[in-house]
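One structure is given below, encoded as structure tokens.
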Amino acid sequence: MSGEAAANEPASDATVEEEVPPPPAPFAGNGPSERRRARVQLPPPEEDEGPTYFRIGIDHTYGPEDDEIHFQCARIKKLENLEVAGERLKKLILIANCVEKIENLESNINLEHLELYQNQVKKIENIQHLKNLSVLDLSFNKIRLTDSLGACQFDHLERLYLSSNKIVDVQNIFHFPTLKMLELGSNRIRVIPPEIGQLIQLEELWLGRNKIVSMAMPPLPSLRHLSMQSNRLEVWDTSLFQNLSGLTHFYVGHNNLPDLPDDFALMTNLKEVDLAKNAITLVKPMPQLTKLEELWMNDNQISDLAEVRNLSVFPSLQTVYLERNPMHGLGNEEAETKYKEAILQSVPNLLQLDAARLNQNVRVITDGSEQQVMGIRKA
């Protein structure tokens with residue numbers, strides 16, 4: 001072997017150096033200690049199947065002899081499994097559930113009380129065979145139409161609740177001869193149908209929080225309570241005073257009504273009147289209202305404190321609300337004192353002025369056992 005070849009031959013005992021990889025870069029965070037963190041393998045997320053609903057007769061049971069079924073906030077979505085109760089069932093009350101449809105009541109022909117308050121019902125249906133109903137409550141649902149009630153001959157129906165739905169036109173509910181209470185508040189009603197005059201037994205009519213612009217009413221001889229609060233009333237209609245002279249409770253607060261007309265005094269049976277938050281500037285004296293006990297006129301535009309003298313003509317007056325009128329002088333201690341003194345001078349036997357109780361003593365009756373309760377400091 002030539003010397004040149006020998007020079008190019010590697011030595012047999014020479015060490016071959018291997019290239020060492022650099023250390024891995026630290027994880028974001030607090031440096032190398034992050035590398036010692038345990039690795040956790042998470043299971044795959046479960047598929048969301050939506051909310052859980054429960055079933056009558058399976059999850060929520062009732063006894064075979066029960067004549068009343070009452071489940072509240074029970075996440076019931078469907079009316080079902082009521083055949084066991086059958087003709088014995090008198091009351092079905094499912095408040096604040098998730099019922100979407102009225103159905104499967106064919107065997108419950110003796111129902112007297114059906115209450116589906118605060119559910120998801122969109123349509124009034126499948127109840128025309130329930131001829132013994134005296135109470136029907138479908139408040140706080142999603143009902144738009146009442147025309148299907150025209151096929152229902154409920155000769156014993158006394159109370160019908162349809163508040164807080166989406167009703168615009170009130171139809172086919174005026175043929176119930178025994179109806180005493182009708183609740184239609186918090187809907188989208190603009191007009192009171194004249195057919196309401198057919199409800200000659202009606203004692204209470206609740207129409208608050210709608211879009212009604214006229215208070216004109218046909219004669220309703222039995223009506224005692226009328227609420228038209230929070231509507232769009234701006235004009236008094238004197239036909240109401242003539243046709244509803246038997247009213248004892250009249251609520252028209254939160255509208256834009258002007259001062260009371262003289263014909264208001266025709267309602268001589270009034271005991272409680274709500275005129276709050278209107279455009280009233282006067283306390284009109286009406287000595288004909290001898291039975292008036294409560295008068296709410298707060299949040300109006302009465303600026304002259306001398307107006308409160310007219311309160312003296314109401315001999316039965318017990319409660320008066322006049323706060324937040326300009327004459328109140330809210331925030332001015334001297335003005336508020338004069339306000340209170342002027343009212344009490346006119347009505348010295350008043351029991352309540354605004355939110356304050358007057359001329360009343362609280363009597364506490366005790367056997368002394370409260371002294372044994374831990375945390376009560378003895379005098």
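Connection of I56 to L105 is established within a shared hydrophobic cluster, with ILVMFWY side chains joined at heavy-atom distances below 4.5 Å, either directly or through further cluster members. Residues V313 and L350 share a hydrophobic cluster, clusters being chains of Ile/Leu/Val/Met/Phe/Trp/Tyr side chains in contact below 4.5 Å. W296 and L275 sit in two unconnected hydrophobic clusters of ILVMFWY residues. Membership requires side-chain heavy atoms under 4.5 Å apart, directly or through other members. Criterion: ILVMFWY side-chain heavy atoms under 4.5 Å apart, direct or through other members. Under it, Y321 and L305 are not part of a common hydrophobic cluster. Hydrophobic clustering (ILVMFWY, side-chain heavy atoms < 4.5 Å, transitive): F140 and F71 are in distinct clusters.
Here the CD1-CD1 distance, from I95 to I93, works out to 6.0 Å after rounding to the nearest 0.5 Å. With values rounded to the nearest 0.5 angstrom, E204 atom CD is found 11.0 Å from R224 atom CZ. The structure places SG of C73 at 11.0 Å from CG of L94, a figure rounded to the nearest 0.5 Å. Atom CG of residue L133 and atom CZ of residue F176 lie 9.5 Å apart, to the nearest 0.5 angstrom. Atom CG in L223 sits 13.5 Å away from atom NZ in K180 (nearest 0.5 Å). Summarising the geometry, atom CG belonging to N325 is positioned 9.0 Å from atom CD1 belonging to I280; distances are rounded to the nearest 0.5 Å.
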Practice task
Show your reasoning for whether salt bridge (charged side-chain N to carboxylate O under 4.0 Å, His left out) applies to K338 and E334.
Solution key: CA-CA 6 Å; K338 290 181 179 179; E334 182 179 355; 3.7 Å; yes
Practice task
Would you please test D67 and Y62 for side chain to side chain donor-acceptor pair (under 3.5 Å) and show each step?
Solution key: CA-CA 10 Å; D67 62 358; Y62 60 89; over 6 Å; no
Exercise for the section: Please assess E80 against R55 for the test salt bridge (charged side-chain N to carboxylate O under 4.0 Å, His left out), listing each intermediate value before the final yes or no. Expected result: CA-CA 8 Å; E80 59 180 341; R55 301 179 67 185; 2.9 Å; yes
Handout entry: Worked check of salt bridge (charged side-chain N to carboxylate O under 4.0 Å, His left out) between D299 and R324
Key = CA-CA 5 Å; D299 298 280; R324 293 186 298 276; 2.8 Å; yes
Exercise for the section: Output, in order, the C-alpha distance, side-chain angles, deciding distance and verdict of side chain to side chain donor-acceptor pair (under 3.5 Å) for H113 and E115. Expected result: CA-CA 6 Å; H113 185 124; E115 186 168 347; 2.8 Å; yes
Practice task
Go through the steps to decide whether D262 and K284 satisfy the test salt bridge (charged side-chain N to carboxylate O under 4.0 Å, His left out), and finish with yes or no.
Solution key: CA-CA 9 Å; D262 292 339; K284 196 153 189 174; 2.7 Å; yes
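Of all non-hydrogen atoms in M215 and L240, the two that sit nearest each other are O-CD1, 3.2 Å. Nearest heavy-atom pair, R75 versus T52, reported as atom, atom and distance to 0.1 Å: NE-O, 2.7 Å.
With Q229 as the fixed residue, the side-chain hydrogen bond (donor to acceptor under 3.5 Å, both in side chains) test singles out one of N210, D274, N255: D274.
With hydrogens and angles disregarded, no donor-acceptor distance shorter than 3.5 Å links the side chain of N256 to the backbone of E234. A donor-acceptor pair is defined here as one N or O able to donate and one able to accept, closer than 3.5 Å; such a pair exists between the side chain of S316 and the backbone of T290.
Between H225 and W206, the ring-plane angle classifies as tilted under the 30° and 60° cut-offs. Ring pair H60/F54 is perpendicular by interplanar angle, where above 60° counts as perpendicular and below 30° as parallel. Classified by interplanar angle (parallel below 30°, tilted 30° to 60°, perpendicular above 60°), the ring pair W236/F250 is tilted.
Heavy atoms from other residues, nucleotides or ligands lying under 6.0 Å from CD of E68 number more than 12.
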